[in-house]
Number of protein chains: 2
Amino acid sequence: MKIDKGLMAGSTGMLILHLLAEKEMYGYEMIETLEKRSDSTFSLKAGTLYPLLHSLEKAGYVSSREAEAENGRMRKYYSITDKGNGFLADKKNEWSLFSGAVNKVLDGGAAV
Amino acid sequence: MKIDKGLMAGSTGMLILHLLAEKEMYGYEMIETLEKRSDSTFSLKAGTLYPLLHSLEKAGYVSSREAEAENGRMRKYYSITDKGNGFLADKKNEWSLFSGAVNKVLDGGAAV
DNA sequence: ATATTATATATCGACCATCTATATATGTCA
DNA sequence: TGACATATATAGATGGTCGATATATAATAT
């Protein structure tokens, strides 16, 4: 099933930062990793990712360096910053609160 | 914590339809019920709700009737339609898939 | 050789849902 | 009478995602 873009809004940044908290990655790799990890539920578009990475960098949440890959291609590798880790922690709390509240409403009526 | 509007996007319609699947409600009542059920996590704005209700009605997911409340005030009561129930079921599946995928990514790295 | 596909980054305009601000009107309470 | 809660409504601003498009190289197929 294709996930409505409305649902994606707001969580994409958190997901990207979470990946970068695990290890340095380049853009294309993030798209593939998200696709794989979510069992193809997510298919983040390049047109969404690259502007997002630029805004995360501008905000100081990630830093980047260009480097040549083994195959000779140029890639732009992103890393999360300390500031980014703090922001990520906040976003994870927010996600937890939000998804919990949605489920509360959906379960609700019963034991309120 | 105030929930980022990006996160809300896409799930508000589902939440409203879920409330209406329980019982007929008027707009203001929906806002209060969501606030209460979510332990004040959600505070849906009137400027979001009323246009949303109109579009849900236009799409045939809800129907409305105007009636005088006990206190003499005019209220617009909304009910979910059969079509709306079908749409709601789809949206709940989508939410389940989406939130599951987000958690998979956040848990990920470990057991992939 | 040549065409196609995958890799890799990037920008732009369109779309859509949310918010704030504003408007109107009535009921309640001080 | 004034303030606040109730109740619905619309308009404009904001912001995130998408599709389309562009560029360039590597790998694969014909």
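Here is the naming used below: chain letters follow the sequence lines, and residue numbers restart at 1 for every chain. Below, all heavy atoms of this structure are taken into account, side chains as well, without hydrogens, waters or symmetry copies.
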| request: In whole angstrom, give the distance that lies between atom CG of Asn71(B) and atom P of dA7(D). | output: 6 Å
| query | Is Ile16(B) close to Leu20(B) at the side-chain level, that is, under 4.5 Å between some pair of heavy atoms? | reply | yes
| said: Less than 4.5 Å apart, side chain to side chain, heavy atoms only: is that true for Met14(A) and Val102(B)? | reply: yes
| request: Figure out the NZ/C1' separation between Lys76(A) and dT25(D), and round it to whole Å. | output: 18 Å
| note | In numerical order, the residues of residues 47-60 of chain A whose heavy atoms come under 4.0 Å of DNA chain C are Gly47(A), Tyr50(A), Pro51(A), His54(A)
| Quick one: do Arg75(A) and Glu24(A) make a salt bridge, cutoff under 4.0 Å? | no
| query | Counting side-chain heavy atoms from CB outward, which of dC18(D), dT8(D), dT25(D) is closest to Arg73(A)? | reply | dT25(D)
| request: Report the distance from atom CD of Glu35(B) to atom P of dA5(D), rounded to the nearest whole Å. | output: 13 Å
| query | When the distance from OH of Tyr78(B) to P of dA7(D) is rounded to whole Å, what number comes out? | reply | 14 Å
| query | Tell me: CE of Met74(B) to C1' of dA9(D), nearest whole Å? | reply | 15 Å
| field | Range on DNA chain C touched by chain A, heavy atoms, distance below 4.0 Å | value | dT7(C) to dC15(C)
| query | Which is it for His18(A) and Lys92(A) under the side chain to side chain donor-acceptor pair (under 3.5 Å) test, yes or no, and what are the steps along the way? | reply | CA-CA 9 Å; His18(A) 175 85; Lys92(A) 283 185 178 177; 3.0 Å; yes
| message | What contact category does Glu32(A) fall into here, base, sugar-phosphate, or nothing, at under 4.0 angstrom with non-hydrogen atoms? | response | sugar-phosphate
| field | Nearest-Å distance for atom pair NZ/C1', residues Lys5(B) and dG12(D) | value | 12 Å
| Thinking salt bridges, do Arg37(B) and Glu22(B) make one under a 4.0 Å N-O criterion? | yes
| Side-chain contact, heavy-atom cut-off 4.5 Å: Asn85(B) with Tyr61(B)? | no
| query | More 5' along DNA chain D: Gly72(A) or Ile3(A), using each one's nearest nucleotide? | reply | Ile3(A)
| Is the closest side-chain heavy-atom distance between Tyr26(B) and Lys76(B) below 4.5 Å? | no
| query | Would the number of heavy atoms belonging to other residues, nucleotides or ligands and lying under 6.0 Å from CG of Asp82(B) be above 12? | reply | no
| message | Rounding to an integer number of Å, can you tell me how far Met8(A) CE sits from dC18(D) P? | response | 7 Å
| field | Value in whole Å for how far the C1' atom of dA20(D) lies from NZ of Lys45(A) | value | 13 Å
| message | Could you work out, with side-chain hydrogen bond (donor to acceptor under 3.5 Å, both in side chains) as the rule, every residue matching Lys45(A), not counting sequence neighbours? | response | Ser43(A)
